Participant: 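Please read through the structure below; I'll follow up with questions.
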Number of protein chains: 2
Amino acid sequence: MTASSRPAHPRERRTAGDRRAQLVQIGLELLPTTPVQELTIDEVARRAGISRSLLFHYFANKREYYTAVTRAAADLLWEHLLPAPGTPPEEQVTGMLDRYVGWVETFRESHLAFVRGAAGGDPWVSEVYADTRRRLVEVALAALELPDDALRRQLVLAWFAFTEDLVGQWVHEPTTTRPELLDLLRDVLRGLVGDRPALLRAGR
Amino acid sequence: MTASSRPAHPRERRTAGDRRAQLVQIGLELLPTTPVQELTIDEVARRAGISRSLLFHYFANKREYYTAVTRAAADLLWEHLLPAPGTPPEEQVTGMLDRYVGWVETFRESHLAFVRGAAGGDPWVSEVYADTRRRLVEVALAALELPDDALRRQLVLAWFAFTEDLVGQWVHEPTTTRPELLDLLRDVLRGLVGDRPALLRAGR
DNA sequence: CCGGCTTGCTGAGCAACGCTCAACAAGCTA
DNA sequence: TAGCTTGTTGAGCGTTGCTCAGCAAGCCGG
């Protein structure tokens with residue numbers, strides 16, 4: 001009123017791409033403290049220094065926004081896990097496992113929050129991570145030089161669930177050494193789908 | 001207006017216990033179609049034929065309501081899985097496994113919706129099912145006549161995650177026969193925590 | 001310099017929903 | 001009849017997701 005008609009924070013104008021990226025980034029930063037679906041448009045807009053309306057200019061609705069955030073988180077994980085091209089097959093799986101545990105160790109709550117959000121509630125969000133997992137199965141089976149029939153796919157997916165759960169517990173209460181954990185996980189996987197499966201008696 | 005001042009549906013007065021049970025029951029019926037946290041008070045009250053206000057008389061807030069619904073679902077599962085007293089130990093685990101698969105086969109979407117809701121999002125809801133799982137671990141380890149040290153607990157919990165995931169996939173795409181599935185799950189468990197563990201090299 | 005176009009952006013406002021509160025009413029007891 | 005307990009409701013408030021008409025900043029052709 002007393003001052004100029006310009007707002008205190010002069011309106012910051014960005015390109016569409018920049019703004020979208022910023023909003024997703026803010027979502028990522030809020031992930032550890034807030035379940036994805038409970039992010040409020042108000043809070044995100046406030047942190048971005050924009051109006052609520054603008055967020056709806058970039059995302060049709062709230063769900064589209066937080067699925068975008070979830071996808072961004074899944075992509076970060078995916079890129080971190082993927083073996084460098086040229087890695088010999090036998091090292092690929094151990095490498096991915098090692099990096100996965102490292103990832104969980106580094107981000108702890110943040111990652112657990114992501115998994116929770118991805119596992120539960122909204123089907124749209126679940127589908128995002130389910131997609132990433134499916135791609136990881138392909139990579140894993142290829143690295144193990146095994147065919148990916150339906151049964152093996154299911155077993156590797158279930159082994160992911162096992163791994164996620166176990167590593168999640170382990171970072172909070174390390175009941176074994178890190179190398180032992182890695183060996184265990186690799187042995188379980190080999191036992192499940194390896195070419196001379198110790199467990200997979202149910203061949204077809 | 002034209003008729004008496006009484007409402008069309010004459011007010012149905014119930015005891016506190018009955019009303020609470022009815023509301024929880026309605027929540028259970030809505031579970032398969034709606035993620036727990038997205039249940040609207042309006043919808044539940046409408047189905048119960050009461051005002052929104054009354055629901056808040058029985059549950060302090062929305063979360064308290066849907067955790068009650070979740071707990072009810074978890075209790076149903078728990079009661080269905082528990083071995084009958086007097087069952088010989090070696091039959092207890094196979095029996096629980098058999099009943100678990102039967103449960104998932106029977107309720108399919110309903111159960112998957114429950115697991116999703118329990119796994120994701122709201123920590124309060126997660127805790128409800130986490131509690132049930134912890135009790136199941138105790139039962140399982142006792143049935144296997146194994147000590148329940150920290151490592152074994154973690155492994156059995158992770159094996160639950162494995163089982164839930166695999167059975168969830170299997171009911172949608174049966175890649176093996178039912179007995180083969182049960183054998184596989186039992187073998188994996190034995191391999192993980194048995195007294196001569198095929199996989200548990202990481203002893204402490 | 002001006003009109004017009006594109007496009008990033010906002011404010012007012014609506015509808016749905018969670019939640020509160022004062023008060024009514026049905027049944028019991030005295 | 002009076003009074004107590006307790007199941008129940010309607011009005012209403014604040015927040016939140018979402019819409020819409022329109023402003024404003026930069027860029028263009030004339």
Side-chain angles (χ1 to χ4, degrees), chain A residues 1 3-27 30 33-70 117 121-122 124-125, chain B residues 1 3-27 30 33-70 117 121-122 124-125:
Chain A
M1 299 196 177
S4 73
S5 61
R6 291 295 190 89
H9 296 270
R11 188 184 301 188
E12 187 186 4
R13 195 185 172 95
R14 299 197 182 191
T15 66
D18 277 5
R19 189 60 85 187
R20 246 190 101 96
Q22 179 205 20
L23 293 174
V24 169
Q25 181 59 33
I26 289 173
L30 291 176
T33 58
T34 323
V36 225
Q37 319 161 29
E38 288 176 23
L39 294 177
T40 75
I41 300 294
D42 227 33
E43 170 78 1
V44 176
R46 206 180 48 72
R47 296 207 175 208
I50 62 170
S51 63
R52 269 151 284 145
S53 320
L54 189 56
L55 200 145
F56 288 105
H57 179 69
Y58 292 103
F59 303 93
N61 48 46
K62 194 191 177 184
R63 179 164 61 205
E64 200 170 281
Y65 171 65
Y66 65 60
T67 50
V69 173
T70 305
D122 194 325
W124 298 72
V125 175
Chain B
M1 298 194 179
S4 74
S5 62
R6 292 294 189 84
H9 297 269
R11 187 185 299 185
E12 187 185 7
R13 196 187 171 94
R14 300 197 181 191
T15 66
D18 278 3
R19 187 62 85 191
R20 246 189 102 98
Q22 179 205 20
L23 293 174
V24 169
Q25 181 59 35
I26 289 173
L30 290 177
T33 58
T34 324
V36 225
Q37 317 159 31
E38 289 177 21
L39 292 179
T40 75
I41 300 293
D42 228 32
E43 171 77 359
V44 176
R46 206 180 48 73
R47 295 207 176 212
I50 61 170
S51 64
R52 269 152 283 145
S53 320
L54 189 55
L55 200 145
F56 287 106
H57 179 67
Y58 291 104
F59 304 92
N61 49 47
K62 193 191 177 184
R63 179 165 62 204
E64 200 171 280
Y65 171 66
Y66 65 62
T67 49
V69 172
T70 305
D122 194 323
W124 296 73
V125 175

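So that the names make sense, note that chain A is the first sequence line, chain B the second, and so on, each numbered from 1. For clarity, every value in this text was computed on a predicted model and none was experimentally measured.
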Participant: Any side-chain N or O of A:H57 less than 4.0 Å from the OP1 or OP2 oxygen of C:dC9?
Facilitator: no
Participant: Checking ring pair (Phe, Tyr, Trp, His ring centres under 6.0 Å) against A:Y65, which of A:Y58, A:F59, A:W124 comes through?
Facilitator: A:F59
Participant: Report the distance from atom CZ of B:R14 to atom P of C:dA26, rounded to the nearest whole Å.
Facilitator: 17 Å
Participant: Could you go through the side chain to side chain contact (heavy atoms under 4.5 Å, CB included) check for A:R19 and A:I50 one step at a time?
Facilitator: CA-CA 10 Å; A:R19 189 60 85 187; A:I50 62 170; 3.5 Å; yes
Participant: In whole Å, what is the span from the CZ atom of B:F56 to the C1' atom of C:dA23?
Facilitator: 19 Å
Participant: Could you pick out which residue, A:Q37 or B:G49, lies toward the 5' side of DNA chain D when each is mapped onto its nearest nucleotide?
Facilitator: B:G49
Participant: Name the nucleic acid region contacted by B:S53, choosing base, sugar-phosphate or nothing; use a 4.0 angstrom heavy-atom cut-off, strictly under.
Facilitator: base
Participant: Please work out if B:S51 contacts a base, only the sugar-phosphate, or nothing of the nucleic acid, heavy-atom cut-off 4.0 Å.
Facilitator: base
Participant: Among C:dC9, D:dT9, C:dG18, which nucleotide sits nearest the side chain of B:K62?
Facilitator: C:dG18
Participant: Taking the side chain of A:D42 as its heavy atoms from C-beta onward, which of C:dG18, D:dG7, D:dT16 lies nearest to it?
Facilitator: D:dT16
Participant: What is the distance, to the nearest angstrom, from the CD atom on B:E38 to the C1' atom on D:dG17?
Facilitator: 13 Å
Participant: Identify whether any heavy atom of B:L39 sits under 4.0 Å from a base atom; if not, whether one sits that close to sugar-phosphate; answer base, sugar-phosphate or nothing.
Facilitator: sugar-phosphate
Participant: From CD of A:E64 over to C1' of D:dC18, roughly how many Å is that when rounded to an integer?
Facilitator: 13 Å
Participant: Which distance, rounded to the nearest 0.5 Å, do you find between the OG of A:S51 and the CD1 of A:I41?
Facilitator: 11.5 Å
Participant: How far does CG of A:L39 sit from CG of A:L30, to the nearest 0.5 angstrom?
Facilitator: 5.5 Å
Participant: May I ask you to verify if any side-chain N or O of A:R52 is less than 4.0 angstrom from the OP1 or OP2 atom of D:dC18?
Facilitator: no
Participant: What is the distance from CG of B:N61 to P of D:dT15, rounded to the nearest Å?
Facilitator: 17 Å
Participant: Atom CG of A:L54 to atom P of D:dC23: distance rounded to whole Å?
Facilitator: 18 Å
Participant: Look at all strands and tell whether B:I41 reaches a base, only sugar-phosphate, or nothing, counting heavy atoms closer than 4.0 Å.
Facilitator: sugar-phosphate
Participant: Is there a donor and acceptor pair, one atom on the side chain of A:T15 and one on the base of C:dG8, closer than 3.5 Å?
Facilitator: no
Participant: In whole Å, what is the span from the CD atom of A:E12 to the P atom of C:dT10?
Facilitator: 10 Å
Participant: How long is the line joining OH of A:Y58 and P of D:dC18, in whole Å?
Facilitator: 18 Å
Participant: Hey, what do you get for CD (B:Q37) to OG1 (B:T70), rounding to the nearest 0.5 Å?
Facilitator: 8.0 Å
